[in-house]
Trainee: 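I am attaching a structure below and will ask some questions about it afterwards.
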Amino acid sequence: MKKLTAILITITCSFLLVNCKSDNKKEDFTALTKNYFDDKNVLDPLGATQNGQNEYNDQLQFDMTDGYRKSQAAFFDKYQKAIQTIDTTKLSEEEKNSYQIIKW
């Protein structure tokens, strides 16, 4: 009886572990595009102002500094990795365009 109980516990635990959700959840594409837009505005406040985002009017980036280039590289790396989690077959045509813009 003890062996049967141990086997059942092992099978149950194995089943639960296999069916646990992965920590690598696919990010919601709407949230991804919003975050991309917000982060891009921080990186390019002049462009944000030109696009009507007035909260960046008092900011200016000097893009010839090492700090800016590191921020820019981190931005591109972050979103290059993020779009890899998106299932493009489930995107609308408009979302596919946004996906391609982020990918580019």
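When reading the values below, keep in mind they use all heavy atoms of this one structure, side chains included, and skip hydrogens, waters and symmetry mates.
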Trainee: With sequence neighbours left out, write down each residue that passes side-chain contact (heavy atoms from CB on, under 4.5 Å) with K34, or none if nothing qualifies.
Mentor: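 K34 satisfies side-chain contact (heavy atoms from CB on, under 4.5 Å) with D38 only.
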Trainee: Drop me the distance from L46's CG to L60's CG, to the nearest 0.5 angstrom.
Mentor: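 The CG atom of L46 sits 6.5 Å away from the CG atom of L60.
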Trainee: As a quick check of understanding, evaluate side chain to side chain contact (heavy atoms under 4.5 Å, CB included) for K78 and D39, giving each step before the final call.
Mentor: CA-CA 10 Å; K78 175 183 176 180; D39 289 349; 2.9 Å; yes
Trainee: With a cut-off of 3.5 Å and sequence neighbours excluded, list every side-chain donor-acceptor pair involving residues 96-104.
Mentor:
from: S98; atom 1: OG; to: E94; atom 2: O; distance (Å): 3.4

Trainee: Could you give all pairs that pass the side-chain hydrogen bond (donor to acceptor under 3.5 Å, both in side chains) test and reach residues 40-51, with sequence neighbours left out?
Mentor: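 Of all non-adjacent pairs touching residues 40-51, those that pass side-chain hydrogen bond (donor to acceptor under 3.5 Å, both in side chains) are T49-N57.
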Trainee: Might you point out which heavy atoms bring I83 and Q80 nearest each other, and give the distance in Å?
Mentor: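 Residues I83 and Q80, closest heavy atoms: CG1-O, 3.4 Å.
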Trainee: When Ile, Leu, Val, Met, Phe, Trp and Tyr are grouped by side-chain heavy atoms lying under 4.5 Å apart, directly or through other members, which residues fall in the same group as V42?
Mentor: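 Reading the cluster by chain and number, V42 sits alongside Y56.
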Trainee: Which pairs pass ring-ring contact (aromatic ring centres under 6.0 Å, His included) with one or both residues in residues 69-93, sequence neighbours excluded?
Mentor: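 Residue pairs with at least one partner in residues 69-93: Y36-F75, Y36-Y79, F75-Y79.
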Trainee: Can you pull out every side-chain hydrogen bond (donor to acceptor under 3.5 Å, both in side chains) where at least one residue sits in residues 61-74? Sequence neighbours excluded, please.
Mentor: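 Residue pairs with at least one partner in residues 61-74: there are none.
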